[in-house]
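Notes follow the structure.
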Amino acid sequence: MRLSGLFFGAVTVLVQRVTAVDLVLRDEASVKSAASSIAFGLVKYYTGNNTGDVPGNLPDPYFWWEAGAMFGTLIDYWALTGDDSYNAITSQAMLHQGSDTRDFMPVNQTRTLGNDDQGFWAMTAMTAAELKFPDPPKDQAQWLALAQATFNQYASRWDTATCGGGLRWQIFNFNTGFNYKNSISNGCFFNIAARLARFTGNQTYAEWAAKVWDWQESMNLFRDGDVLDGVGIKQVNGEEVCPDHIDQIQWSYNAGIFLHGAAAMYNFTDGNPIWKRRVDEMLNSTTEAFYNTTAVNSDTPVLHEQFCESHVICNIDQRSFKGYLTRWMARTTQLVPHTYDVIYPLLESSAKAAARACSGTTPAPAFKGHPGTACGFSWTTGGFDGLVGVGEQMNALSAIASTLIDRTAAPVTADTGGTSSGDPAGGANGPGSSPVRELRAITTGDRVAAGFLTSAIALSIVAGCAFVMI
Ligand SMILES: *[C@@H]1O[C@H](CO)[C@@H](O)[C@H](O)[C@H]1NC(C)=O
Ligand SMILES: *[C@@H]1O[C@H](CO)[C@@H](O)[C@H](O)[C@H]1NC(C)=O
Ligand SMILES: *[C@@H]1O[C@H](CO)[C@@H](O)[C@H](O)[C@H]1NC(C)=O
Ligand SMILES: *[C@@H]1O[C@H](CO)[C@@H](O)[C@H](O)[C@H]1NC(C)=O
Ligand SMILES: *[C@@H]1O[C@H](CO)[C@@H](O)[C@H](O)[C@H]1NC(C)=O
Ligand SMILES: *[C@@H]1O[C@H](CO)[C@@H](O)[C@H](O)[C@H]1NC(C)=O
């Protein structure tokens, strides 16, 4: 994933039409038809199944991780609506990206592949196992095994040499952000570990989930239930000093990834009061931070990306985060049933607002879905804001389809119908499976370069904040 630094996205001026995606909440046919229009517009961005293209890749400017997230969104869409139109391209993409090394570490992505990028594909595989997405042929990588391979590699990358533990953002020391330990990378580890514990019943996964949570707490990355972005590491006389700074920005996907993982732990531990308190506290903060209470045309708060949305400065990655929080909130209602009464009304208000925002018409080639149904980014304005793309389509698709969560089966486990086969020892042979060794081999030259890059991140954050204050 790219830096969270801010830039002004080019805002295309688009012709607005009055047509929108029609949506009548709680009318199953209407919800499915609205979701289907939006899914159609989403998949039109995908070129990976065209002759000569690479399955699993989205065209520029979308990074590889976002494609992994898109297929997770499409698996959820299938599970919620029963529409299997995109199952074939989803399997094809997952297997193409996962099968060579059986760990979502494709060599082609080495230059940008961070722990979080790998994690979004692995969480998609975990979702496939939990929702009984059709299993691949036996000679191919299996969903559960892909998630386990990623888990094992995360465990091997756990870095106690600095900050007493945690995963670094990057896997390879030549990539920008190697000197940053962030909540999304550790959140991927936590979320996958918690769900593997629940799916397999193996206590080792639960122990790792607890360990990641404790580490986040020890770094003050949880502030009364708010999830802060990460800690930077500085080089002083050739030694790494931690933390150099804490990036305090709150992103909706960081909140969601920990909320959902904590929900899986609550469910796995049969309602343990520690996990109950953690879920409740994080849910309280999440609803407070990310639901806008003054949204136009809504009596109930509506999901917004609080840090960048109203300033119109969210980058391409950030413009997809609301969709993940939505999906994780929806699944939390199944794993922790008492959260339903708080979460479901927020899913409905956001779905309604998202449908209103799906009323854009744009000249080709940006959007190729049904005319008049391009989804804008902001849902609080009561209309279409002119920002379109894969993130906007995914967010709205998840918002609308997630209102079917109350009539959809909960994620299964190996004991309650799961069929995906696993490999507890997976991930040991792929490239990048032993970066712990690589860490020890860092040279002074690398350190200088990495230190410079960290400053670049710190500066971009400072610059971003300064802009927001102005
Ligand atoms: C790619 O997938 C889309 C959506 O399922 C489908 O409409 C299209 O025909 C496929 N293209 C090829 C070349 O298979
Ligand atoms: C890697 O890139 C090559 C060349 O574009 C392509 O043929 C191959 O399918 C890609 N592999 C993966 C896993 O994306
Ligand atoms: C765990 O999830 C299942 C499936 O949704 C649910 O039936 C069960 O009540 C949950 N367990 C607890 C302790 O809430
Ligand atoms: C969450 O908010 C509810 C309602 O305001 C409150 O009753 C509860 O104590 C809070 N829970 C935690 C763990 O903060
Ligand atoms: C909530 O949405 C309204 C309408 O778009 C906007 O004016 C306001 O700034 C938003 N509030 C926050 C805290 O971003
Ligand atoms: C439980 O998971 C750990 C960690 O991957 C693995 O080493 C162990 O073999 C697993 N145990 C069983 C019974 O599968």
Side-chain angles (χ1 to χ4, degrees), residues 79 103 130-131 144-156 158 189 192-209 211 250 252 260 262-276 279-280 287-298 300-314 322 330-340 343 349-350 353-354 356-357 376-387 405-418 421-428 433 468:
D103 59 2
E130 290 170 339
L131 302 183
L144 177 62
L146 282 163
Q148 287 171 312
T150 303
F151 168 90
N152 288 339
Q153 293 182 354
Y154 282 163
S156 81
W158 187 255
F189 191 10
I192 290 167
R195 292 161 72 184
L196 283 173
R198 178 176 177 274
F199 191 94
T200 66
N202 183 335
Q203 196 63 39
T204 307
Y205 299 125
E207 284 161 16
W208 272 101
K211 187 164 162 166
Q250 288 174 251
S252 60
H260 177 239
M265 287 303 291
Y266 169 92
N267 198 270
F268 169 67
T269 58
D270 222 356
N272 177 309
I274 294 174
W275 289 107
K276 178 177 188 302
V279 167
D280 290 345
T287 55
E288 217 170 280
F290 297 104
Y291 285 81
N292 180 318
T293 50
T294 61
V296 177
N297 284 327
S298 179
T300 319
V302 166
L303 178 56
H304 72 155
E305 193 59 55
Q306 61 88 27
F307 184 71
C308 56
E309 183 170 315
S310 61
H311 303 284
V312 200
I313 50 170
C314 303
K322 290 189 291 186
R331 291 292 167 193
T332 295
T333 65
Q334 296 182 314
L335 298 169
V336 189
H338 74 261
T339 62
Y340 178 86
I343 293 177
S349 58
S350 299
R356 280 204 193 91
F377 176 55
S378 183
W379 302 336
T380 62
T381 61
F384 175 65
D385 67 359
L387 291 169
I405 197 73
D406 59 340
R407 54 201 76 189
T408 304
V412 298
T413 67
D415 286 343
T416 61
S421 36
D423 176 6
S433 59
V468 170

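In what follows, residues are counted from 1 in the order of the sequence shown. Atoms within a ligand are numbered from 1 in the order they appear, just like the ligands themselves.
Side chains of Asp423 and Leu146 form no contact here, defined as non-hydrogen atoms less than 4.5 Å apart. When side chains are defined from C-beta on, Ser310 does not count as touching His304, because their heavy atoms never get closer than 4.5 Å.
Only side-chain heavy atoms of Asn292 come within less than 4.0 Å of ligand 5; its backbone N, CA, C and O stay farther off. The residue Thr200 has no part lying near ligand 6, judged by heavy-atom distances below 4.0 Å.
For ligand 6 and Asn202, the ligand atoms under 4.0 Å from any heavy atom of the residue are 1 (C), 2 (O), 3 (C), 8 (C), 10 (C), 11 (N), 12 (C), 14 (O). Of all atoms in ligand 5, numbered sequentially from 1 with element shown, those under 4.0 Å from a heavy atom of Thr294 are 1 (C), 2 (O), 3 (C). Remark: ligand 6 atoms within the under-4.0 Å shell around heavy atoms of Thr204 are 1 (C), 2 (O), 3 (C), 4 (C). Under a 4.0 Å criterion applied to the non-hydrogen atoms of Asn152, ligand 6 contributes the atoms 5 (O). Heavy-atom proximity to His304, at under 4.0 Å, picks out these atoms of ligand 5: 12 (C), 13 (C), 14 (O). Remark: ligand 6 atoms within the under-4.0 Å shell around heavy atoms of Pro424 are 5 (O), 14 (O). Against a heavy-atom cut-off of under 4.0 Å, Thr381 is close to the following atoms of ligand 5: 5 (O).
Atoms CZ and CZ, on Arg195 and Phe268 in that order, are 15.0 Å from each other to the nearest 0.5 Å. Interatomic distance, CZ of Arg331 versus CD of Glu130, reported as 8.0 Å (0.5 Å rounding).
Nearest heavy-atom pair across Lys322 and Ser378 is NZ-CA, 4.1 Å. Nearest heavy-atom pair across Ser350 and Leu303 is OG-N, 3.1 Å.
Thr413 and Asp415 form no side-chain donor-acceptor contact under 3.5 Å, judged by distance and modelled atom types alone.
Aromatic ring pairs are classed by plane angle as parallel below 30°, tilted from 30° to 60° and perpendicular above 60°; the pair Trp208 and Phe189 is tilted.
Within 6.0 Å of CD in Glu207 there are more than 12 heavy atoms belonging to other residues, nucleotides or ligands.
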Atom pairs and distances, ligand 3 N/O vs protein N/O under 3.5 Å:
| residue | atom | partner | partner atom | Å |
| --- | --- | --- | --- | --- |
| ligand 3 | 2 (O) | Asn267 | OD1 | 3.3 |
| ligand 3 | 2 (O) | Asn267 | ND2 | 2.3 |
| ligand 3 | 5 (O) | Gln334 | O | 2.7 |
| ligand 3 | 11 (N) | Asn267 | ND2 | 3.0 |

**Prompt:** Can Leu335 and His260 be said to form a side chain to side chain contact (heavy atoms under 4.5 Å, CB included), step by step?
**Reply:** CA-CA 9 Å; Leu335 298 169; His260 177 239; 4.0 Å; yes
